[in-house]
Amino acid sequence: MIEVLVAVFILAMGIIGAMGVFMSAAKGTYAAERSGQGISLAERELERLAATPFSLLELDSYPTVAASGPGSFVSGANFRIAASYSRPPAEATLLEPLVVDPDANPAADGTSIVPVSVNVAIGPPGGPTATVYRFITRRDESCPVLGLLDACPAEQGSKRLTIAVIQNQTGNGVRPRPVYASTVVTDPSVAPLDLPL
């Protein structure tokens, strides 16, 4: 009888351990799936903004500043550019000015790029949602100077599009880290100086 009880106890401990491993693997799979959904949403948003005419790539207002999250990278009328957004904003030393519609009247030019959208659907209807942050900044061109000739005239402009996606909390308590995606678009009407070969 004692041997049977010991065997049952050892079997129960093995089952409990295996259940823990399965639960941990399920949480990891779910977190990876949600992170992938966030990356997909950020990339779709970048593609949508990149298709906007260059002159209309401007926010309709300044993003609100938050103590944490993507809003913490806003510093006045500038956005802190970081090599990795997992680090604190104070470590991002490069500041780029935010591009905001001067008349703040989206109806005037037919476009409106809002800095923040809340409860954006990520997957199927009724599924998880996220908050999407959009930052549009003007970049300083750093082009080589060839002798006395600047390879990039000052009038050539480029803008950096940065998207941050924060997925909303779900019932199981798993909340993926924010996802950041960024790209640079240039003014197609002003090409870099065409140098003869």
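All values derive from a computational prediction rather than experimental measurement. In this chain, residues are counted from 1 in sequence order.
In this structure, Ile122 and Thr129 have side chains that are not in contact, with every pair of non-hydrogen atoms separated by 4.5 Å or more. Considering only heavy atoms from C-beta on, Tyr133 stays 4.5 Å or farther from Ile163 through its side chain. Looking at Ile136 and Glu58, their side chains never come closer than 4.5 Å, going by heavy atoms from C-beta outward. Between Leu95 and Ile81, every side-chain heavy-atom pair lies at or beyond the 4.5 Å cut-off. Under the 4.5 Å side-chain criterion, counting only non-hydrogen atoms from C-beta, Leu57 is in contact with Ile113. Contact annotation: the side chain of Thr131 never approaches that of Val120 to less than 4.5 Å [non-hydrogen atoms, C-beta and beyond]. Between Val179 and Ile166 the shortest side-chain heavy-atom distance does not fall below 4.5 Å. Contact annotation: the side chain of Leu41 approaches that of Val132 to within less than 4.5 Å [non-hydrogen atoms, C-beta and beyond].
Phe135 and Tyr62 end up in the same hydrophobic cluster when Ile, Leu, Val, Met, Phe, Trp and Tyr side chains are linked at under 4.5 Å. Residues Met1 and Phe9 do not share a hydrophobic cluster, defined by chaining ILVMFWY side chains whose heavy atoms lie under 4.5 Å apart. Cluster annotation: Leu5 and Met13 are assigned to distinct hydrophobic clusters (Ile/Leu/Val/Met/Phe/Trp/Tyr, side-chain heavy-atom contacts under 4.5 Å, transitive). Val118 and Val74 end up in the same hydrophobic cluster when Ile, Leu, Val, Met, Phe, Trp and Tyr side chains are linked at under 4.5 Å.
Contact detail for Ala181 and Leu46: the closest heavy-atom pair is CB-CD1, 3.5 Å. Ala164 approaches Pro70 most closely through the heavy-atom pair CB-CG, 3.5 Å.
The backbone N or O of Val21 lies less than 3.5 Å from no partner atom in the side chain of Ser24, so there is not a single donor-acceptor pair. Looking only at distances, a side-chain donor or acceptor of Arg134 sits under 3.5 Å from a matching main-chain atom of Val114. Side-chain atoms of Ser182 come within 3.5 Å of backbone N or O of Leu161 as a donor-acceptor pair.
To the nearest 0.5 Å, atoms CZ (Arg139) and CG (Leu94) are separated by 9.0 Å. The distance from atom CG of Leu98 to atom NZ of Lys159, rounded to the nearest 0.5 Å, is 12.0 Å. The CG atom of Asp187 lies 4.5 Å from the CZ atom of Phe54; values are rounded to the nearest 0.5 Å. Summarising the geometry, atom CG belonging to Leu49 is positioned 12.0 Å from atom CG belonging to Leu56; distances are rounded to the nearest 0.5 Å.
Remark: Glu96 engages Arg160 in a salt bridge, criterion side-chain N to carboxylate O under 4.0 Å. For the pair Glu45 and Arg48, the salt-bridge criterion is met [side-chain N within less than 4.0 Å of a carboxylate O].
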